[in-house]
Amino acid sequence: MPFLQFSNVDYSYPTGDKDFIQALYSVDLTVERGEFVALVGTNGSGKSTLARLANGLYVPDRGFVTVDGQSTGEKGNLYDIRKKIGVVFQNPDNQTVTTVVEDDVAFGPENLGLAPAEIRERVDWALECVGMSEYAKSNPARLSGGQKQRVAIAGVLALKPELMILDEATGMLDPEGRAEVMKVVTRLNRDEGMAVIMITHFMEEAAQADRIVILKNGRVTADGRELFSQPHAFTDAGLELPLTVRLGVKLKAAGLDLGLPLDADAFVAAAVKALGGDE
């Protein structure tokens, strides 16, 4: 059984006067333990709604969501589900609850009622995982955007979830901050075996996942491991591919096949090799 499963899920938001706006339509989706999935789509495609359904913040209008076999529609399951799935949102300032980094990271484990010794161990481990141990006594308000988001990730890690969802968690960061967060996320996935759902509109980030899922107007329109070899799957959903991929597609049509390089360094290396030069 998949760790996370959406089965024929619909979800609508009430707009008043008994009217509704439907956000998701008949969504089927699975995520296995240890898998790294990128979820992409334009604004309003339903990505954040899906994240909130995954850990029981929302309940489907139709269909069901299960986490490790437990339905999110049963209130008695929510405590266990929210220990297994942690969510990191876009704005780290909205997730800060104290004026000391280590206290902020300890907030979740304290709410679980863990023993002080175990809380201390989890906080130290989580800060080490995200490379923020030296800032344990710092005020989060004085950190950079990338550092704040790493602290937010540490707060989720301290709960020791089996799946971490990052809901546009790099959206407000500069390129350096995004790189910091992605380095942490990929290491947690590959070295710690933590499953990850990365909700992003940066295709370069999506390219680091094992699998990409595309949402358009509340529907899953593509789901696979080699989607960059199908550029139409992105353009049909209103998404812009990385410049290097777009150039690779045009060059292939002109008779020069560089594959689908996802960043500038890979593009240059592929071009040099294709043209018979030395890398």
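Not measured: the values here are computed from a predicted model.
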Those residues that, when tested against Tyr11, pass ring-ring contact (aromatic ring centres under 6.0 Å, His included) (two or more places apart)
Tyr13, Tyr58
When you group the ILVMFWY residues by side-chain heavy-atom contacts below 4.5 Å and let the links chain together, are Val196 and Leu173 in the same group?
yes
Is a side-chain donor or acceptor of Glu35 paired with a backbone partner of Glu32 at a separation under 3.5 angstrom?
yes
Working for side chain to side chain contact (heavy atoms under 4.5 Å, CB included), residues Ile214 and Val220
CA-CA 6 Å; Ile214 299 177; Val220 174; over 6 Å; no
Is it the case that atom CD in Gln22 sees more than 12 heavy atoms from other parts of the structure closer than 6.0 Å?
yes
Using a 4.5 Å cut-off on heavy atoms from C-beta on, say whether the side chain of Asn217 contacts that of Tyr25.
no
To the nearest 0.5 Å, tell me how far Met132 CE sits from Ser138 OG.
7.0 Å
Has the side chain of Asp103 got a donor or acceptor atom that lies under 3.5 Å from a matching backbone atom of Thr98?
no
With a sphere of 6.0 Å drawn around CZ of Phe202, does it hold more than 12 non-hydrogen atoms of other residues, nucleotides or ligands?
yes
Within 6.0 Å of CD in Glu110, more than 12 heavy atoms from elsewhere
yes
Do Ile197 and Val27 sit in the same hydrophobic cluster, where Ile, Leu, Val, Met, Phe, Trp and Tyr count as joined when their side-chain heavy atoms come under 4.5 Å apart?
yes
Main-chain N/O of Asp19 paired to Thr15 side chain as donor or acceptor, under 3.5 Å
yes
To the nearest 0.5 angstrom, please state how far the NZ atom of Lys83 sits from the CG atom of Asp68.
12.0 Å
Nearest heavy-atom neighbours spanning Ser71 and Ile81:
O-CD1, 3.8 Å
Which of these, Leu29, Val40, Leu227, Val31, sits in a side chain to side chain contact (heavy atoms under 4.5 Å, CB included) with Val213?
Leu29
Would you tabulate the side-chain donor-acceptor contacts of residues 158-171 under 3.5 Å, counting partners in other chains and residues two or more places apart, or write 'none'?
residue: Glu162; atom: OE1; partner: Arg33; partner atom: NH1; Å: 2.4
residue: Asp167; atom: OD1; partner: Ser48; partner atom: OG; Å: 3.0
residue: Asp167; atom: OD2; partner: Ser48; partner atom: OG; Å: 2.9
residue: Asp167; atom: OD2; partner: Arg52; partner atom: NH1; Å: 3.0
residue: Glu168; atom: OE1; partner: His201; partner atom: ND1; Å: 3.0
residue: Thr170; atom: OG1; partner: Glu205; partner atom: OE1; Å: 3.0
residue: Thr170; atom: OG1; partner: Glu205; partner atom: OE2; Å: 2.8

Could you walk me through whether Phe36 and Thr186 pass the side chain to side chain contact (heavy atoms under 4.5 Å, CB included) test, one step at a time?
CA-CA 8 Å; Phe36 187 171; Thr186 53; 3.8 Å; yes
Donor-acceptor check, side chain of Arg211 to backbone of Ala38, threshold 3.5 angstrom: yes or no?
no
Roughly how far, to the nearest 0.5 Å, is the SG atom of Cys129 from the CG atom of Leu157?
6.0 Å
Taking all heavy atoms of Ile199 and all of Ala51, pick out the closest pair and write down the distance.
CD1-CB, 3.7 Å
Membership question, hydrophobic clusters at under 4.5 Å side-chain separation (ILVMFWY): are Val105 and Leu114 in the same one?
yes
Using a 3.5 Å distance criterion without hydrogens, assess whether the side chain of Gln147 forms a donor-acceptor pair with backbone atoms of Ser144.
yes
Separation between OG of Ser26 and CG of Asp10, rounded to the nearest 0.5 Å
4.5 Å
Could you tell me whether Arg187 atom CZ has more than 12 heavy atoms of other residues or ligands within 6.0 Å of it?
yes
Once you round to the nearest 0.5 Å, how far does CD1 of Ile85 lie from CZ of Phe3?
5.5 Å
Heavy-atom side-chain contact between Val87 and Arg82 under 4.5 Å:
no
Check step by step if side chain to side chain contact (heavy atoms under 4.5 Å, CB included) holds for Glu180 and Gln149.
CA-CA 9 Å; Glu180 287 178 8; Gln149 198 59 288; over 6 Å; no
Hey, does Phe64 have a side-chain heavy atom less than 4.5 Å from the side chain of Val9?
no
Which pair of heavy atoms, one from Ala274 and one from Leu256, lies closest together, and at what distance?
CB-CD1, 3.8 Å
Taking CG in Asp223 as the centre, count heavy atoms belonging to other residues, nucleotides or ligands within less than 6.0 Å. Is the count above 12?
yes
With a 4.5 Å cut-off on side-chain heavy atoms, are Asp28 and Asn8 touching?
yes
Among Thr96, Asn91, Asp104, Asp93, which residue meets the side chain to side chain donor-acceptor pair (under 3.5 Å) test with Lys148?
Asp93
Ion pair Asp236/Lys216, N-O distance below 4.0 Å:
no
How about CG on Asn111, more than 12 heavy atoms from neighbouring residues, nucleotides or ligands closer than 6.0 Å, or not?
yes
Residue pair Gln5, Val65: steps toward the side chain to side chain contact (heavy atoms under 4.5 Å, CB included) verdict
CA-CA 6 Å; Gln5 182 169 10; Val65 178; over 6 Å; no
Kindly indicate whether the side chain of Leu50, heavy atoms from C-beta on, has any atom under 4.5 Å from the side chain of Lys47.
no
Smallest heavy-atom separation, Arg150 atom then Val184 atom, equals CD-CG2, 3.9 Å
What I'd like to find out is whether the side chain of Phe234 reaches to under 4.5 Å of the side chain of Ile212, using heavy atoms alone.
yes
Same cluster (ILVMFWY, side-chain, under 4.5 Å), Phe89 and Val151
no
Closest contact, heavy atoms only, Pro14 versus Phe20
CA-CD2, 3.6 Å
In this structure, would Met198 and Phe6 fall into the same cluster of hydrophobic residues linked by side-chain contacts under 4.5 Å?
no
State, without any angle test, whether Arg219 and Ser45 hold a side-chain donor-acceptor pair at a distance under 3.5 Å.
no
Would you mind reporting whether Thr72 and Pro60 have side-chain heavy atoms less than 4.5 Å apart?
yes
Considering all heavy atoms, the nearest Val100-Pro140 contact
N-CD, 3.8 Å
Under a 4.0 Å N-O cut-off, is there an ion pair linking Arg178 with Asp174?
no
Any non-hydrogen side-chain atom of Val101 less than 4.5 Å from a side-chain atom of Lys137?
no
Distance (rounded to the nearest 0.5 Å) between Leu24 CG and Asp61 CG
9.5 Å
